[in-house]
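These figures come from a predicted structure and were not determined experimentally.
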Amino acid sequence: MNAERETLNAYRSGYVAIIGKPNVGKSTLLNAYMGQKVAIVSDKPQTTRVRQLGILTRPDAQIIFIDTPGIHKPLHRLGKVMVDIAANCITEADVLVFLVDGATLPKDQDRQIAALIHASSDRPVILALNKCDLLSPDHIEPHLQAYWALLARDTPLPALEQADGSQPAPRYDWIMLSATSGYNRERLLEMIIARLPKGPLYYDQDTLTDRTEREVAAELIREQVLQHVHQEVPHAVAVVVGEWKERSHDKTYISATIYVEKATQKGILIGQGGKMLKSISTGARQAIETMTEKPVFLELWVKVNKNWREKDAELERLGYIGLLK
């Protein structure tokens with residue numbers, strides 16, 4: 001009984017916001033920790049549009065990761081909403097992971113994020129230089145120093161051997177990382193846990209995300225659009241799952257609508273003889289079947305919703321503005 005009480009008293013739990021500019025590897029890192037896809041991934045900026053939780057439960061801690069939209073200069077109302085969502089996540093997190101592209105020097109977006117951290121939060125921040133496998137040895141020190149100056153300003157740079165969670169955790173810390181290869185992923189996780197407050201289980205041990213199957217399915221469909229079409233088309237796409245019916249004990253019927261802003265975009269998505277839409281549907285069906293672990297019949301429709309990214313009413317209907325409330 002005493003051992004159980006000591007374990008409960010030592011248990012840590014809390015929210016960890018993974019923040020960074022678009023396409024820096026936030027969703028890749030989240031999926032790696034979860035051991036399965038809970039956030040869609042593509043090589044296109046602004047892939048992540050919503051706040052999404054990945055809930056990792058261990059014997060010693062429950063780490064509630066917040067995958068955030070990339071912070072960028074918005075070009076439309078949806079972009080502004082996405083940046084606001086990411087900014088809100090900074091204020092609610094117990095620990096921040098500032099994920100940067102370590103293979104390059106800081107950009108204006110990195111400076112914007114660092115300024116937002118200073119203005120919005122007094123929480124512990126771990127600077128994670130991702131893609132370090134692409135960084136030449138000669139560039140490690142100047143790149144690290146450049147990012148550290150943005151984040152920690154006049155705070156001395158801790159030695160790497162101190163950035164392992166074994167010492168009292170400073171507010172600012174750093175680590176070299178490759179979210180793809182796995183280099184230092186576990187070390188980063190230990191650093192995060194060392195900074196979490198003591199607390200209870202916030203979610204059931206079997207819960208992996210706060211998104212419903214419908215919402216995840218809509219994202220998996222959008223992921224296929226991102227992979228199959230290019231230029232402005234994927235950014236003008238929104239997906240809504242309409243029907244979700246269990247037609248038998250081993251078959252699920254799903255109907256979804258892909259919204260675009262222009263008739264020309266609709267034509268590109270459908271493709272000659274419907275080939276493009278068929279490819280998108282096949283890829284999405286396979287991904288949804290992996291998630292649900294049962295056969296799926298997926299029916300997709302493409303509709304034009306002119307300038308939906310600029311309309312608050314449409315953004316609310318599609319679920320984006322509601323995430324800020």
Side-chain angles (χ1 to χ4, degrees), residues 16-33 41-48 65-73 83 86-87 89-90 93 95-167 169-192 194-195:
V16 179
I18 307 173
I19 58 174
K21 63 187 179 185
N23 207 30
V24 79
K26 299 182 295 296
S27 297
T28 298
L29 182 61
L30 172 63
N31 290 337
Y33 280 137
V41 177
S42 86
D43 59 358
K44 295 181 175 63
Q46 289 100 58
T47 295
T48 300
F65 290 104
I66 312 172
D67 186 28
T68 63
I71 296 177
H72 61 285
K73 184 177 181 180
V83 171
C89 292
I90 292 176
V95 177
L96 303 178
V97 175
F98 181 16
L99 197 66
V100 302
D101 183 352
T104 67
L105 286 168
K107 302 292 193 298
D108 286 343
Q109 290 167 320
D110 299 299
R111 298 183 183 91
Q112 177 187 354
I113 295 164
L116 192 58
I117 291 172
H118 286 290
S120 306
S121 177
D122 59 358
R123 303 301 189 185
V125 187
I126 302 170
L127 172 66
L129 280 76
N130 194 25
K131 306 183 183 181
C132 68
D133 48 325
L134 306 177
L135 180 60
S136 68
D138 292 343
H139 291 158
I140 292 176
E141 184 67 17
H143 286 204
L144 172 59
Q145 292 288 353
Y147 282 108
W148 186 257
L150 283 184
L151 176 65
R153 297 177 177 173
D154 296 328
T155 304
L157 180 70
L160 181 58
E161 60 267 17
Q162 294 177 339
D164 60 4
S166 62
Q167 304 293 327
R171 182 188 173 193
Y172 300 117
D173 220 329
W174 68 279
I175 192 168
M176 306 294 289
L177 176 74
S178 173
T180 302
S181 73
Y183 175 72
N184 268 348
R185 269 202 319 247
E186 286 305 309
R187 189 176 187 183
L188 173 58
L189 188 60
E190 294 303 323
M191 292 173 66
I192 291 169
R195 288 158 175 78

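When side chains are defined from C-beta on, Leu99 counts as touching Leu177, because their heavy atoms get closer than 4.5 Å. With a 4.5 Å cut-off on side-chain heavy atoms, Thr180 and Asp133 do not count as touching. Looking at heavy atoms from C-beta onward, Thr47 lies out of side-chain contact with Val41 at the 4.5 angstrom threshold. Between Asn23 and Lys44, the closest side-chain pair of non-hydrogen atoms is not below 4.5 Å. At a threshold of 4.5 Å between non-hydrogen side-chain atoms, the residues Val100 and Trp174 do not count as touching. Side chains of His72 and Val83 form a contact here, defined as non-hydrogen atoms less than 4.5 Å apart.
The backbone N or O of Leu127 lies less than 3.5 Å from no partner atom in the side chain of Tyr172, so there is not a single donor-acceptor pair. Checked by atom type and distance alone, the side chain of Asn31 never pairs as donor or acceptor with a backbone atom of Thr28 at under 3.5 Å. Looking at Thr48, its side chain never comes within 3.5 Å of a backbone N or O of Thr68 through a donor-acceptor pair.
Of the options Val125, Ile126, Asp173, a side-chain contact (heavy atoms from CB on, under 4.5 Å) to Leu151 is made by Val125 and by none of the others.
Residues satisfying the side-chain hydrogen bond (donor to acceptor under 3.5 Å, both in side chains) test with Arg171, not counting sequence neighbours, are none.
Using a cut-off of 4.0 Å between Lys/Arg side-chain N and Asp/Glu carboxylate O, Arg111 and Asp108 are scored as salt-bridged.
Applying the side-chain hydrogen bond (donor to acceptor under 3.5 Å, both in side chains) definition to pairs two or more places apart or across chains, those involving residues 134-144 are Ser136-His139, Glu141-Gln145.
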